[in-house]
Amino acid sequence: WFTPLEDAPPPASLTVEQAIAATAIAVCQGAGVNFALTPGHDGRFGEDLQRAKAVGAWFRKLQPWLADAQPAAEVGIVHGPAANAFSDALARVGLFGRWIASDQPLPACRAMVVPPQSRLDERLRSYVKDGGTLIAFGNVGPLADVFGVNVKGTVRFAKNLQGATVKVDSEYNEQFAAGNLLDDQPTAWASGGTPMPHWAEITLPEPVEVQMVELVSRQGPYLVTDVDIELPDGNGWRVAKSIRDAKDRKIVARLDAPAKTSRVRAKILRELFQGQDRQYADVEAIRVLDRAGKNRAGGMSEPVRVIATAAELGGLSLPPSALAVEPTTAEVLALFDQADKSPAILRNRFGKGIALLVTTTVAGDDAPLWSALCNLALGSPTYVVSPADAQRFRFILTRAGEARVLHVIDAGVTAANYQPQPVVISLAAQRLGDPHQATLAGSDKPLAFSEKGGRIHFVVQPNPVATVVLKGAKP
């Protein structure tokens, strides 16, 4: 706990607008928010208390539309390491998404999306059978028949197309899997709790002159301090470089001389958690650099073009890491453009629903892919804003009583000279119950909007939040 040594309280870390926006992003999705207020040494509170009061005033104004509100997202995303990237991708193509924990009841969504490394379970079988749309990436779990395929292993891409692979001595759980070491994301590998040492072995697509290895500790109070970089030696390993008592989150181990190899192992001998020794290894990334300084341990190489049999999928490319499948009842919509023409995207009708399988095991916020999948499976966007506004603002849809409530939150609030910006929004009216009235929360004055082609259009100016209440259905 922080105890200031001056009478004056410390300055607030956020402006009023930043505090309201950050609170709104959490609260409008059903999360709770706690405030830690720090007084000066004489017991007086300062800017922290002002920020909390401003947030409280915003909450009281919006409380009728926040209390007992339920998510109204149309796409559920099964939680896992890639869920955040998938959520951002869906937002950019104009669909309201929400995370679903593996032990959470399935919501009444138009579609469920299962990212790589997220878990498929039997509940999704019933979901598809009853008419839902399921989209999975790089994994069929126990649902091969739902996707209409037999799994044959992994696709063998040409070596110049392959990325590096990694194996480790242990994993804490699927969320902290070994693959996180190579994904260029702020994810991490965490070992099991067996005694030190722990290790991660990187296999490159082909031998290279290795000059340097970088190891980055997991974000937070984790610090790897002692590590050996090892290279193959016959049937075993030899130490090529040792680092001890590292103080920085990124360890740079420069080999005494470049070594040509396709395999490198990082053996973690010691880690601190909040300054204390522990028996786990927590690592965000391991990079293997050649003499030119290029990282050769990327999990992805250049994407591979796909040959589409469905018009919506034309012009796509996917990462060269994929599940090899043989269709049984599935229709192949796209093939990898290589010798064996392995299926890249398949569609299967199961019961009353549809299951789409994208075989790539590495996927994120690739805009062309998501636009194509949404056009194929879900139709036109539910909301349309400019690309710049899609990047800057958060759009959260909930139900409150008979109304649908759209929260538009400025996630790009600056610390100084903040200027609210207008946002032009187009909504698919039928998916929102054909509302005939829109008002800003806290006001009885109708919000001007126009209707054209089954969509409603209006403009709001979040400062930093604008909450639009959509009421009623046309008779």
Side-chain angles (χ1 to χ4, degrees), residues 1 78-85 99 101-104 115-119 138-139 163-204 210 212-232 236-255 263-289 295 297-300 361-362 364:
W1 189 257
V78 178
H79 192 258
N84 193 50
W99 292 357
S102 57
D103 58 350
Q104 200 173 349
Q117 301 179 50
S118 290
R119 181 170 167 265
N139 179 27
T165 60
V166 59
K167 63 180 181 180
V168 295
D169 69 299
S170 60
E171 293 177 340
Y172 183 76
N173 61 25
E174 63 182 16
Q175 182 177 352
F176 296 99
N180 295 344
L181 291 168
L182 309 182
D183 65 0
D184 292 324
Q185 300 290 328
T187 55
W189 161 61
S191 71
T194 55
M196 286 285 190
H198 296 289
W199 54 263
E201 179 184 335
I202 311 292
T203 299
L204 308 176
V210 176
M212 189 184 308
V213 177
E214 296 178 349
L215 182 147
V216 182
S217 295
R218 177 183 169 189
Q219 293 185 22
Y222 310 90
L223 185 66
V224 173
T225 63
D226 297 3
V227 62
D228 284 343
I229 303 303
E230 300 180 328
L231 300 177
W237 297 86
R238 65 176 177 87
V239 176
K241 191 70 176 180
S242 294
I243 302 293
R244 298 292 184 269
D245 299 320
K247 306 299 183 186
D248 296 326
R249 184 169 165 245
K250 182 168 81 170
I251 293 175
V252 178
R254 187 179 184 87
L255 305 189
R263 296 165 64 211
V264 176
R265 188 163 80 167
K267 182 185 284 186
I268 293 95
L269 307 172
R270 186 180 183 220
E271 176 178 297
L272 302 179
F273 176 75
Q274 295 181 336
Q276 302 296 315
D277 281 281
R278 79 194 223 123
Q279 294 303 308
Y280 293 90
D282 296 89
V283 182
E284 179 178 301
I286 297 176
R287 307 183 186 109
V288 179
L289 280 62
N295 178 26
M300 292 186 295
T361 58
V362 182

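All values derive from a computational prediction rather than experimental measurement. Below, each value reflects all heavy atoms present in this structure, side chains not excepted, and no hydrogens, waters or symmetry copies.
- Inter-residue side-chain proximity for Leu231 and Val210 is flagged as unmet; no heavy-atom pair is nearer than 4.5 Å.
- For Asp228, the side-chain hydrogen bond (donor to acceptor under 3.5 Å, both in side chains) partners are Ser242, Arg244, not counting sequence neighbours.
- Aromatic ring orientation, Trp99 versus His79: tilted (interplanar angle from 30° to 60°).
- At least one side-chain heavy atom of Arg287 sits under 4.5 Å from a side-chain heavy atom of Val216.
- Side-chain atoms of Asp169 never come within 3.5 Å of backbone atoms of His198 as a donor-acceptor pair (strictly under, hydrogens ignored).
- Not one N or O on the side chain of Asp248 forms a donor-acceptor pair closer than 3.5 Å with the backbone of Lys250.
- Residues Leu272 and Asp277 have side chains in contact (heavy-atom distance under 4.5 Å, counting atoms from C-beta outward).
- Inter-residue side-chain proximity for Val227 and Val213 is flagged as unmet; no heavy-atom pair is nearer than 4.5 Å.
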- Gln279/Phe273 under side-chain contact (heavy atoms from CB on, under 4.5 Å): CA gap, chis, key distance, verdict: CA-CA 10 Å; Gln279 294 303 308; Phe273 176 75; over 6 Å; no
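- Glu214 contributes atom CD, which lies 11.0 Å from atom CZ of Arg254 (distance to the nearest 0.5 angstrom).
- Judged by distance alone, with hydrogens and angles left aside, the side-chain atoms of Glu284 form no donor-acceptor pair with the main-chain N or O of Ala188 at under 3.5 Å.
- Trp189 places no side-chain N or O within donor-acceptor distance of the main-chain N or O of Arg218, the cut-off being under 3.5 Å.
- Asp226 is listed as a side-chain neighbour of Asp245, based on a closest heavy-atom distance under 4.5 Å.
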- Item | Steps toward side-chain contact (heavy atoms from CB on, under 4.5 Å) verdict (Ile243, Leu215) | CA-CA 11 Å; Ile243 302 293; Leu215 182 147; over 6 Å; no
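- The CG atom of Leu255 sits 8.0 Å away from atom CD1 of Ile229, with the distance rounded to the nearest 0.5 Å.
- Of the inter-residue distances, the one linking Ile286 atom CD1 with Glu201 atom CD reads 11.0 Å to the nearest 0.5 angstrom.
- Aromatic ring orientation, Tyr280 versus Tyr172: perpendicular (interplanar angle above 60°, classes split at 30° and 60°).
- Closest approach of Gly192 to Ser170, counting heavy atoms only: N-OG, 2.9 Å.
- Between the side chain of Ser217 and the backbone N or O of Val224 there is at least one donor-acceptor pair closer than 3.5 Å.
- Annotation: the span from Leu223 atom CG to Arg278 atom CZ amounts to 11.5 Å, rounded to 0.5 Å.
- Residues Arg263 and Trp237 meet the side-chain proximity criterion, which asks for heavy atoms closer than 4.5 Å.
- Without hydrogens or angle criteria, Thr187 side chain to Pro81 main chain gives no donor-acceptor distance under 3.5 Å.
- The distance from the OG1 atom of Thr225 to the NZ atom of Lys247 is 8.0 Å, given to the nearest 0.5 Å.
- Without hydrogens or angle criteria, Asn295 side chain to Val288 main chain gives a donor-acceptor distance under 3.5 Å.
- Note that the CD atom of Glu171 and the CG atom of Asn180 stand 8.5 Å from one another [nearest 0.5 Å].
- Side-chain atoms of Glu271 come within 3.5 Å of backbone N or O of Asp282 as a donor-acceptor pair.
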